[in-house]
Amino acid sequence: MTETLVAVINPATGEKLQDSPVLDAAALEAALQQARSAYQDWKQTSFAERAALLKAVAAKMREEVDSLAPLMTLEMGKPIKEARGEVLKAAWCAEHYAEQAEQYLQPLTLASDASHSYVQYLPLGSVLGILPWNAPFWLAFRFCAPALMAGNTCLMKHDLHVPRSAQAIADLFVQVGAPAGLMQNVPMGNAAVEAVIRDPRVQAVSLTGSDRAGSAVAAIAGAEIKPVVLELGGSDPCIVLADADLDKAADTITLSRIINAGQSCIAAKRIIIEDPVYDTLVEKLQTRLAALKLGDPALETTDVGPMARDDLRQNLHRQVMETRQAGARCLLGGELPDGPGFFYPVTLLADVTADMTAAVEETFGPVAVVMRARDAEHAVALANDSRYGLAAGLWTERSRGEQLARRLEVGQVAVNGIVKTDPRLPSGGIKCSGLGRELGPQGIHEFVNAQQVWLG
Ligand SMILES: NC(=O)c1ccc[n+]([C@@H]2O[C@H](COP(=O)([O-])OP(=O)(O)OC[C@H]3O[C@@H](n4cnc5c(N)ncnc54)[C@H](O)[C@@H]3O)[C@@H](O)[C@H]2O)c1
Ligand SMILES: O=CCCC(=O)O
């Protein structure tokens with residue numbers, strides 16, 4: 001296999017850490033074979049046996065959090081306090097599915113002309129998980145924990161910019177004595193992915209990443225008639241109406257927008273404020289955003305680290321410049337800093353309109369984009385005026401929030417709180433934000449054969 005190696009760069013310093021390794025053809029073939037062989041035994045294990053393994057992995061993660069978290073800080077610049085939280089959340093996901101999978105996959109009795117008819121949920125085989133760099137541990141576990149508990153085996157093609165995190169995830173399974181081939185790290189370039197999806201030993205695909213990658217991968221999976229789950233990008237609206245608690249909204253929106261230096265799929269990316277409270281809330285946001293500490297992600301005091309790569313930073317800056325040129329007001333940041341690393345200042349763009357770049361495209365960085373809505377109707381129209389449909393925030397009186405949620409074209413809505421992911425609740429998008437769901441009971445139902453049984 002001919003591959004161009006990806007250079008892994010410490011985003012806080014710009015220094016090269018290593019070239020990212022990829023499997024050669026023989027190693028990839030061995031991994032596919034091992035995943036298939038492991039499946040023959042794993043599919044016959046009980047829920048209790050699977051749960052014991054997942055719990056052991058979770059315990060190991062909790063024990064090793066201080067050595068695992070810095071891997072993300074080094075490879076993609078996640079502030080250390082967030083990185084630790086991510087490892088613990090990944091452990092929670094493993095524990096959640098260990099405890100709930102049996103109940104989530106209980107056979108379902110359905111009345112018919114049979115003496116007894118029901119649906120049972122059987123594993124499919126080996127599932128390929130294609131993952132991005134922005135939450136290396138969490139996204140890996142929300143893919144693999146339900147798939148493994150359902151009796152599948154996993155092949156993890158992680159982003160090549162986070163090779164140490166990816167290997168550490170696979171090593172956790174080896175360290176707790178998982179069967180060989182159960183959960184494997186299969187580093188490969190994008191060009192090699194097609195053959196793996198088409199391989200008869202792979203039964204399903206899950207991709208978290210951009211809509212461009214999702215479309216390419218889904219086309220191949222579709223051609224092979226293999227199920228696919230797509231967790232893609234978003235330009236999430238956060239609507240704040242005049243009756244909202246503005247201080248609480250400002251605190252929450254600030255946190256939502258700057259987590260992981262703004263590189264989160266479900267960050268509040270378009271902040272849509274009703275006219276009567278527009279100026280007040282913009283001022284509150286400006287005060288909070290200006291107080292954030294940008295700097296070395298290895299320090300406990302850092303709120304916002306660098307962006308993961310320079311090309312991502314340059315693209316964000318293009319979006320900011322185009323939006324300013326189109327008439328938005330830049331109230332904070334907006335200038336590319338000198339110096340080492342891929343830092344981008346916390347930026348606040350006000351008076352953004354629906355046709356401007358920062359409203360049309362996903363902004364994946366610490367840039368808060370504020371839009372003015374005449375009233376609630378206009379706010380809903382602005383929120384839905386996007387090719388994306390991942391999640392949304394709503395700040396207003398609770399029952400009004402529930403009514404408005406039904407009109408938002410997204411897969412998840414938080415009323416008077418932060419949009420977040422939680423192992424207990426399904427997440428996923430509509431429109432260009434994806435297909436299917438991860439997490440909660442819905443997540444584990446994506447990679448099973450819902451087999452109907454009819455008894456005479
Ligand atoms: N919806 C969610 O839950 C969620 C979670 C995290 C990130 N994301 C999205 O991911 C994006 C950020 O990640 P990115 O830009 O690095 O994503 P990306 O699409 O470039 O890469 C994601 C993964 O897909 C692989 N990939 C890319 N093109 C491919 C192709 N043609 N064939 C096979 N594999 C391919 C990459 O190597 C990587 O492993 C953002 O849009 C973000 O919103 C979504
Ligand atoms: O980027 C998306 C991942 C964020 C999350 O699941 O919390």
Side-chain angles (χ1 to χ4, degrees), residues 3-4 6 20 22 72 76 78 82 85-86 89-90 92-93 128-143 155-163 165-166 185-198 205-221 228-236 255-257 259-269 307-309 311-312 315-316 361-365 387-391 410-412 414 418-423 425-440 443:
E3 289 291 356
T4 309
V6 163
S20 198
V22 291
M72 291 186 275
M76 45 70 69
K78 190 175 294 255
E82 290 184 26
E86 179 174 329
K89 189 170 172 183
W92 178 28
C93 187
L128 173 67
I130 304 171
L131 303 170
W133 48 268
N134 69 323
F137 276 76
W138 164 242
L139 297 172
F141 275 86
R142 76 182 203 183
F143 146 66
L155 292 156
M156 176 182 63
K157 181 247 159 300
H158 222 311
D159 191 294
L160 290 180
H161 296 92
V162 289
S165 302
N185 180 28
V186 286
M188 65 183 111
N190 294 345
V193 173
E194 176 167 355
V196 176
I197 297 172
R198 292 192 189 279
V205 187
S206 168
L207 178 136
T208 303
S210 62
D211 51 302
R212 196 169 54 165
S215 171
V217 162
I220 302 164
V228 63
V229 167
L230 302 176
E231 293 283 343
L232 308 178
S235 182
D236 286 5
L255 177 64
S256 167
R257 182 60 278 203
I259 281 178
N260 203 22
Q263 302 165 120
S264 164
C265 53
I266 49 171
K269 294 191 181 122
M307 293 185 62
R309 298 198 311 263
D311 60 310
L312 301 171
N315 186 48
L316 184 75
E361 297 179 10
E362 176 180 33
T363 51
F364 216 57
R387 60 198 290 272
Y388 294 109
L390 192 56
V410 294
Q412 178 176 345
I418 195 164
V419 172
K420 61 181 186 299
T421 49
D422 178 326
L425 301 172
S427 282
I430 60 168
K431 295 161 68 174
C432 286
S433 291
L435 287 178
R437 292 293 178 266
E438 281 191 320
L439 302 173

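Every number for a ligand or one of its atoms is a count from 1 in the order of the listing. It should be emphasised that the depicted structure is a prediction, and the values quoted were computed from it without experimental measurement.
Residue Q263 has no nitrogen or oxygen atom sitting less than 3.5 Å from a nitrogen or oxygen atom of ligand 2, judged on distance alone.
Atom 5 (C) of ligand 2 has its closest protein heavy atom at T421 OG1, 3.2 Å. The protein atom (non-hydrogen) at minimum distance from atom 2 (C) of ligand 2 is C265 SG, 2.3 Å.
Taking CG of N315 as the reference point, atom CZ of F364 lies at 11.5 Å (rounded to 0.5 Å). Distance CE/M188 to CG/L160: 9.0 Å, rounded to 0.5 Å.
Residue contacts with ligand 2: S264 is included, with a non-hydrogen atom under 4.0 Å away. Residue E231 places no heavy atom under 4.0 Å from ligand 2.
When atom types are taken as modelled, the side chain of N260 and the backbone of N134 share a donor-acceptor pair closer than 3.5 angstrom. K89 places no side-chain N or O within 3.5 Å of a backbone atom of W138 that could act as its donor or acceptor partner. Without hydrogens or angle criteria, Q412 side chain to K420 main chain gives a donor-acceptor distance under 3.5 Å. Between the side chain of E362 and the backbone N or O of S235 there is no donor-acceptor pair closer than 3.5 Å.
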Kindly print each ligand 1 N/O atom paired with any protein N/O atom under 3.5 angstrom away, one pair per line, or none if nothing qualifies.
from     : atom 1 : to   : atom 2 : distance (Å)
ligand 1 : 1 (N)  : L232 : N      : 3.3
ligand 1 : 1 (N)  : L232 : O      : 2.6
ligand 1 : 3 (O)  : R142 : NH2    : 2.4
ligand 1 : 3 (O)  : E231 : OE1    : 3.4
ligand 1 : 10 (O) : G209 : O      : 3.3
ligand 1 : 16 (O) : W133 : NE1    : 2.7
ligand 1 : 17 (O) : S210 : N      : 3.4
ligand 1 : 19 (O) : S210 : N      : 2.8
ligand 1 : 19 (O) : S210 : OG     : 2.5
ligand 1 : 26 (N) : N190 : OD1    : 3.4
ligand 1 : 28 (N) : N190 : ND2    : 3.4
ligand 1 : 37 (O) : K157 : NZ     : 3.2
ligand 1 : 37 (O) : N190 : OD1    : 2.6
ligand 1 : 39 (O) : L131 : O      : 2.7
ligand 1 : 39 (O) : K157 : NZ     : 3.2
ligand 1 : 41 (O) : E362 : OE1    : 2.6
ligand 1 : 43 (O) : E362 : OE2    : 2.7

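Scored by the side-chain contact (heavy atoms from CB on, under 4.5 Å) test, A213 finds L207, S210 as partners (sequence neighbours excluded). Taking the side-chain contact (heavy atoms from CB on, under 4.5 Å) definition, one finds that E438 meets it with R142, F143, S206, T208, V229, E231, sequence neighbours left out. Under the rule for a side-chain hydrogen bond (donor to acceptor under 3.5 Å, both in side chains), the partners of E86 that lie at least two apart in sequence or sit in another chain are K78.
Only side-chain heavy atoms of R142 come within less than 4.0 Å of ligand 2; its backbone N, CA, C and O stay farther off. Contact annotation: for N260 versus ligand 2, there are no heavy atoms closer than 4.0 Å.
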